Enquirer: 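Here's a structure for you.
These figures come from a predicted structure and were not determined experimentally. The figures here come from the full heavy-atom set of this structure, side chains too, leaving out hydrogens, waters and symmetry mates. Every number for a ligand or one of its atoms is a count from 1 in the order of the listing. Each residue takes its place number in the sequence, starting with 1.
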Amino acid sequence: MLDKNSMESSARKDSPLLQVQDLTVQFPAGRGKWLTAVDGVSFDLAAGESVGLVGESGSGKTVTSLALMGLTGRTGGRLAPGSKVVFDGQDLTAAPDRVWRDLRGGGMGMIFQQPIRSLNPAFTVGDQIAESVRRHLGLGRKAAMAKAVEMLELVQIPRAADRVKEYPHAFSGGMCQRVMIAMVMASNPRMLIADEPTTALDVTVQATILSLLRDLQEQTGVAMLFVSHDLAVVAELCQKVIVMYAGESAEEGTIDDVFFRPAHPYTSGLLASIPQPNSGTRRRLSAIPGGIPAAADWPSGCRFFDRCEYAKPGLCDAVHPSMTQVDGTSHARCVRASELTLAGVTI
Ligand SMILES: Nc1ncnc2c1ncn2[C@@H]1O[C@H](COP(=O)(O)OP(=O)(O)OP(=O)(O)O)[C@@H](O)[C@H]1O
Ligand SMILES: [Mg+2]
């Protein structure tokens with residue numbers, strides 16, 4: 001069984017496990033220019049907490065996640081000056097790759113949308129989990145393989161002792177995702193970033209993976225950043241949510257505040273795509289007409305202006321809105337937030 005994250009350093013108990021300040025990620029745009037894909041994202045993740053990161057395709061969720069794993073450079077991007085990532089009291093912003101490598105698969109782990117791509121087809125799943133365990137926990141061969149079996153049991157793979165000897169192609173998509181979760185959780189991470197971990201799976205398999213993640217979180221106390229385009233899924237797993245739009249946070253707060261009393265018209269639009277108990281049909285995210293602007297086309301005012309039914313020309317397109325506190329725990333990037341009463345989820 002995994003340790004409850006008891007290794008938590010007492011000196012750092014009061015500060016959040018992860019602090020992200022003004023995270024700005026840029027990619028080369030030719031002729032020495034850089035284009036901003038993620039723009040000034042700031043949030044905290046406390047030990048044991050689960051935060052959802054939602055938004056339409058292209059809003060910057062994966063770019064944000066990869067930056068938090070120190071992988072921006074590998075995707076050809078860079079962090080702009082002023083960006084800050086502090087994990088467990090350690091400022092990682094300018095940390096050398098060696099430090100990030102130790103943290104990845106150690107203190108922090110990440111699972112992706114396409115688990116099969118993250119597994120090596122040439123090695124058995126047992127070898128792959130054992131290798132991760134040997135590297136990060138320093139166990140010997142035999143103990144590492146025993147840990148691999150234990151981890152497969154933890155993620156509820158039947159006949160774990162046999163299946164540990166099989167290759168990834170023998171596992172279904174859902175089972176592959178379990179293997180990935182097992183591999184990541186084997187090194188007792190304190191933070192798990194799950195980037196659309198169920199999007200590629202059948203609906204029924206999605207539900208089992210989500211409940212597995214919830215159980216693991218309860219058992220281990222791992223903090224989780226759960227990335228999804230699906231607000232309903234986030235509501236099931238997370239205590240807080242950050243709604244991203246065009247590279248920045250549009251609204252954030254506790255699930256209750258954001259879901260029942262959305263303050264940003266974009267959030268309200270996204271919520272309209274969640275199936276309501278008595279409504280039979282499910283509207284898709286495209287319930288909001290139009291699409292997210294590409295980074296090169298971000299307007300200087302509100303980035304949601306073109307799609308917003310409440311937009312006031314001369315006001316909303318005049319200045320880029322900043323995040324301001326609204327009711328309860330919520331903050332929203334909308335100059336009209338305090339005067340609008342927007343539809344949220346109804347029970
Ligand atoms: N390696 C890269 N080089 C250049 N631009 C990139 C790179 N990776 C991402 N981007 C740009 O950054 C923006 C945000 O992309 P990102 O992958 O984070 O979106 P997302 O919210 O994860 O979307 P999805 O729901 O489709 O996964 C997009 O406009 C994308 O084109
Ligand atoms: Mg993504």
Enquirer: Using the six-membered ring wherever Trp is involved, compare the ring planes of His169 and Tyr167 and label them parallel, tilted or perpendicular (cut-offs 30° and 60°).
Expert: parallel
Enquirer: Please determine, by modelled atom types, if Asp91 and Thr93 share a side-chain donor-acceptor pair under 3.5 angstrom.
Expert: yes
Enquirer: Name the residues with a heavy atom less than 4.0 Å from ligand 1?
Expert: Phe27, Ala37, Glu56, Ser57, Gly58, Ser59, Gly60, Lys61, Thr62, Val63, Thr75, Glu196
Enquirer: Look at the N, O or S atoms of Thr62, main chain and side chain alike, and state whether any lies under 2.8 Å from the Mg ion (ligand 2).
Expert: yes
Enquirer: Thr329 and Asp257: side-chain donor and acceptor closer than 3.5 Å?
Expert: yes
Enquirer: Could you check Glu131 against Arg135 for salt bridge (charged side-chain N to carboxylate O under 4.0 Å, His left out), going step by step and ending with a plain yes or no?
Expert: CA-CA 6 Å; Glu131 174 57 23; Arg135 212 170 339 130; 3.7 Å; yes
Enquirer: Could you check whether atom NZ of Lys61 has more than 12 heavy atoms from other residues, nucleotides or ligands sitting under 6.0 Å from it?
Expert: yes
Enquirer: Glu196 and side chain to side chain donor-acceptor pair (under 3.5 Å): which single residue from Gln113, His229, Gln114 fits?
Expert: His229
